[in-house]
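Take a look at the structure set out below.
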Amino acid sequence: MNLDLSLRTEIQKALSTLFNQSVEQLQLQPTNDEFEGSHTLVCFPLAKMSKKGPEETGKLIGEYLQANSGLVSKFNVVKGFLNLTISDSVWANVFTAIYTDESFNQLPSNGREMMVEYSSPNTNKPLHLGHLRNNFLGYSVAEIYKALGYTVHKVQIINDRGIHICKSMAAWQLFGNGETPQSTGLKGDKLVGKYYVEFDKYFKVQIAELEAKGLTKEEAEKQAPIMQGAVALLLKWEANDQATVELWKAMNGWVYAGFDATYKRMGVDFEKLYYESNTYLLGKEEVLKGVEGGVFYKKEDGSVWVDLTSDGLDQKVLLRSDGTSVYMTQDIGTAILRFRDFPKIEGQVYTVGNEQEYHFKVLFLILKKLRYAFAEKCYHLSYGMVDLPSGKMKSREGTVVDADDLMEEMVLEAEKQTRELGKIDEMTDADVKSLSEMVGLGALKFFLLKVDPKKRMMFDPNESIQLQGHTGPFIQYTHARIKAILRKASSINVNIDAADLKNISLLEPIEREIIFRINDYHNKLQEAAREYSPAVISNYAYELAKEYNQFYQAIPIFNESDPAKLKFRIAFSKVVADVLKGSMKLLGISVPEKM
RNA sequence: GGUCUCGUAGCUCAGCUGGAUAGAGCAACUGCCUUCUAAGCAGUAGGUCACUGGUUCGAAUCCAGUCGGGAUCACCA
């Protein structure tokens with residue numbers, strides 16, 4: 001049964017009976033802790049209609065509901081707030097329905113499809129803290145939609161083309177001495193990243209030298225030999241020069257292997273990868289078609305532009321005067337290709353930092369101008385930067401927090417604390433390892449996901465590694481605790497029959513609160529999906545775990561002498577564990593049986 | 001400068017489709033392990049919700065302005 005809906009229906013009945021009127025929007029909200037009840041009807045807006053003052057209105061509605069609804073056992077009115085107490089038998093029914101609902105955590109398929117893009121790193125630098133936020137967000141949003149019954153396609157675009165790749169290639173040719181991941185023992189992405197940094201270093205030196213000879217900065221940047229080397233490589237690559245393409249393939253291969261290892265540890269995956277090198281030509285084609293169709297226009301120098309001034313934006317270049325494509329061209333091609341590959345998807349979510357908001361605004365407008373209906377269903381899941389106490393991460397200043405290093409550090413910290421708490425005594429080394437992995441990554445993921453994605457957030461390497469309080473491990477711990485109870489219950493052969501549960505009465509207030517919260521889970525799922533915000537889920541899971549811990553501490557389950565109550569509390573604990581596990585799964589976090 | 005965005009406890013964050021005395025965690029201080037796991041629980045202390053004005057029964061929440069932070073405004077991606 002849907003308690004919320006039933007209650008609203010009953011209130012509407014009350015209004016039509018008492019005042020012969022109906023109201024479109026009822027303000028029903030959770031009751032504040034200091035008052036008795038679980039649901040509160042705000043009566044101020046109803047006063048005009050009832051012509052009776054909020055307090056009197058609340059009282060009349062309360063009396064009606066108590067007498068006629070079968071839901072409300074008690075009520076009180078404070079100022080204009082009608083606080084309703086739902087009767088225990090109703091709670092028992094609500095709980096039993098959830099307990100017996102096998103698709104509570106995973107709703108049945110709704111036949112709808114969507115696509116989520118995330119990660120999409122440059123292939124010349126290793127993944128860092130910002131990518132972690134990106135990946136965890138994108139993965140989680142995909143999981144949230146899946147739980148609602150959607151089929152979700154997780155994809156990423158690989159920017160494997162362009163001058164930036166050629167920079168690493170140029171530097172490797174100059175200084176690499178044939179180094180490979182195998183020969184150095186470095187992860188492939190780290191090795192290529194090293195040469196990208198190397199490039200930058202020599203580039204700067206050469207610019208300085210040329211500037212000292214009297215060249216302007218722009219001239220120096222163009223004429224620096226190492227940059228000319230990179231440009232030469234780009235031209236050769238575009239001309240399909242065999243040796244260049246071989247090197248490009250080899251170095252990209254190293255990077256992908258390195259990224260794969262990182263993704264694996266992060267626990268994220270992709271159904272399909274799109275390569276810029278495969279989509280930019282389609283984009284170009286579309287742009288040229290757009291010129292013919294009059295959507296875009298060509299300047300005298302041959303460059304192609306779109307004029308968005310009538311939409312409040314600027315003009316934007318889509319093809320350079322030499323006919324080569326830009327970032328936007330590639331994204332147009334990719335979007336179209338994806339809808340060709342997956343014609344049933346109704347929308348595409350792009351998980352990309354908020355510094356690209358303008359880009360996506362333009363992209364979606366262009367797609368609309370090209371008359372692609374799916375443009376309406378594209379959404380830029382824009383997230384804020386992760387700042388360090390020293391400010392923004394800057395690769396040039398060496399303040400980048402490397403993703404691999406950070407994950408390793410978190411896992412080591414988890415292991416250290418597990419040891420300090422004396423929990424490893426009866427664990428095998430393999431157990432300790434897998435638990436540390438779970439806890440360390442759980443802490444990291446939760447930390448990055450509990451903040452509203454849109455907001456920029458602070459990461460302090462010295463303080464963020466916390467395993468107590470408002471953290472992932474707190475929830476994991478709560479789950480493990482419940483599992484201990486369930487093990488004990490099964491060891492003493494407590495069998496639960498759903499029919500027993502309906503007859504339970506005299507619930508503790510904390511038990512009602514928790515059922516209320518569990519009952520709210522699907523609302524939160526919807527909200528998280530609507531807002532594209534895993535933070536909604538993480539905060540929900542935290543609140544639920546917190547409430548359960550209160551219950552756990554206050555009520556020793558196995559001291560209960562009434563067998564019906566004992567059964568109820570075990571079933572109740574099981575449901576909490578399942579919902580915790582399910583909601584953590586949406587965040588990409590596993591929960592342990594013991595910790 | 002234009003556009004967008006953020007400003008809540010010492011710190012990190014919730015709350016924002018207007019509702020009751022603004023909530024957590026961390027840090028500080030006090031208690032609680034012979035009972036299901038103390039990575040926990042209970043409590044104390046900590047606030048001019050940046051500022052000013054407006055809208056109304058009611059504003060942290062909506063609107064306008066001011067101040068402060070950030071992003072963006074490339075034939076880079």
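A note on names: the letters A, B, ... follow the listed sequences, proteins ahead of strands, and every chain is numbered from 1. What's counted below: heavy atoms across the whole structure, side chains too, no hydrogens, waters or symmetry copies.
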Sidechain-backbone polar pair: [X] side chain, [Y] backbone, donor-acceptor under 3.5 Å:
X        : Y        : result
A:Arg487 : A:Glu593 : yes
A:Ser120 : A:Ile157 : yes
A:Ser140 : A:Leu137 : no
A:Lys450 : A:His470 : yes
A:Asp160 : A:Tyr275 : no
A:Arg320 : A:Ser303 : no
A:Tyr540 : A:Arg517 : yes

Using the [atom1] atom as the point on both nucleotides, what is the distance between [M] and [N], in whole Å?
N      : M      : atom1 : result
B:rU8  : B:rU52 : P     : 16 Å
B:rU21 : B:rG40 : C1'   : 29 Å
B:rG58 : B:rG19 : P     : 14 Å
B:rG46 : B:rG25 : C1'   : 14 Å
B:rA14 : B:rG7  : P     : 9 Å
B:rA77 : B:rU17 : P     : 40 Å
B:rG23 : B:rG47 : P     : 14 Å
B:rU3  : B:rU48 : P     : 33 Å

Measure from [atom1] on [X] to [atom2] on [N] and round the result to the nearest Å.
X        : N      : atom1 : atom2 : value
A:Glu34  : B:rG23 : CD    : P     : 8 Å
A:Gln466 : B:rC11 : CD    : C1'   : 10 Å
A:Phe446 : B:rA39 : CZ    : P     : 18 Å
A:Lys48  : B:rC57 : NZ    : P     : 6 Å
A:Leu313 : B:rG2  : CG    : C1'   : 12 Å
A:Lys488 : B:rU35 : NZ    : P     : 10 Å
A:Gln417 : B:rA38 : CD    : P     : 16 Å
A:Glu547 : B:rG40 : CD    : C1'   : 16 Å

Discussion item. For A:Glu527 and A:Arg530: C-alpha separation, side-chain torsions, deciding distance, then whether salt bridge (Lys or Arg N to Asp or Glu O under 4.0 Å) applies.
Written reply: CA-CA 5 Å; A:Glu527 187 186 335; A:Arg530 194 175 60 240; 5.1 Å; no
Please check if any side-chain donor atom of [X] sits under 3.5 Å from a side-chain acceptor atom of [Y], or the reverse.
X        : Y        : value
A:Thr478 : A:Asn549 : yes
A:Asn135 : A:Ser119 : yes
A:Gln356 : A:Tyr327 : yes

Sugar-phosphate only, base, or nothing, as touched by [X] at under 4.0 Å among non-hydrogen atoms:
X        : value
A:Ser573 : nothing
A:Lys423 : base
A:Tyr542 : sugar-phosphate
A:Glu593 : base
A:Phe558 : base
A:Lys546 : sugar-phosphate
A:Ile555 : base

Item to complete: Mind checking side chain to side chain contact (heavy atoms under 4.5 Å, CB included) for A:Tyr552 and listing every partner two or more places apart, or none if nothing turns up?
Response: A:Arg481, A:Ile485, A:Tyr548
Discussion item. Can you give me the closest heavy-atom contact between A:Ala528 and A:Val536, atom names plus distance?
Written reply: CB-CB, 3.9 Å
Quick one, give me the B/S/- string for [range], reading 5' to 3', where B means a protein heavy atom under 4.0 Å from the base and S means that only happens at the primed atoms, P, OP1 or OP2.
range                        : value
nucleotides 72-77 of chain B : SS-BSB
nucleotides 13-19 of chain B : SS-B--B
nucleotides 28-34 of chain B : -------

I want to check one thing: is the phosphate of [N], taken as OP1 and OP2, less than 4.0 Å away from some side-chain N or O of [X]?
X        : N      : value
A:Arg481 : B:rA38 : yes
A:Gln550 : B:rA42 : yes
A:Lys361 : B:rA71 : no

Discussion item. Apply side-chain hydrogen bond (donor to acceptor under 3.5 Å, both in side chains) to residues A:Tyr274 and A:Gln330 and explain how you reach the verdict.
Written reply: CA-CA 11 Å; A:Tyr274 286 86; A:Gln330 172 230 138; over 6 Å; no
Practice prompt. Let me know, please, whether A:Phe551 or A:Glu357 comes out on the 5' side of the other along RNA chain B by nearest nucleotide.
Written response: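 Of the two residues, A:Glu357 wins.
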Distance flag, aromatic centroids of [Y] and [X], threshold under 6.0 Å:
X        : Y        : result
A:Tyr350 : A:Phe364 : yes
A:Phe572 : A:Phe551 : yes
A:Phe447 : A:Phe459 : yes
A:Phe360 : A:Tyr379 : no

Worksheet item: Where does RNA chain B pair, written as one dot-bracket string 5' to 3', with Watson-Crick or G-U pairs under 3.5 Å, ( ) inside the strand, [ ] for crossing pairs and | for another strand?
Response: (((((((..((((.....[...)))).(((((.......))))).....(((((..]....))))))))))))....
Under-3.5 Å N/O pairs linking protein and nucleotides 61-64 of chain B:
none

Worksheet entry | Closest nucleotide among B:rU21, B:rA39, B:rU35 to the A:Asn559 side chain | B:rU35
Can you check whether any acceptor in the base of [N] is under 3.5 Å from a donor in the side chain of [X], or vice versa?
X        : N      : answer
A:Thr478 : B:rA39 : no
A:Thr418 : B:rA39 : yes
A:Asn83  : B:rA20 : yes

Worksheet item: Aromatic rings A:Phe81 and A:Phe44: how do their planes relate, parallel, tilted or perpendicular, breaks at 30° and 60°?
Response: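 Rings of A:Phe81 and A:Phe44: perpendicular, over 60°.
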Discussion item. Syn or anti for B:rC13, given that syn means the glycosidic angle lies within 90° of 0?
Written reply: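 Here B:rC13 takes the anti form, which means its glycosidic angle is more than 90° from 0.
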Fill in: A:Asn159 vs A:His164, side-chain hydrogen bond (donor to acceptor under 3.5 Å, both in side chains): CA-CA, chis, key distance, verdict
CA-CA 9 Å; A:Asn159 302 297; A:His164 56 284; over 6 Å; no
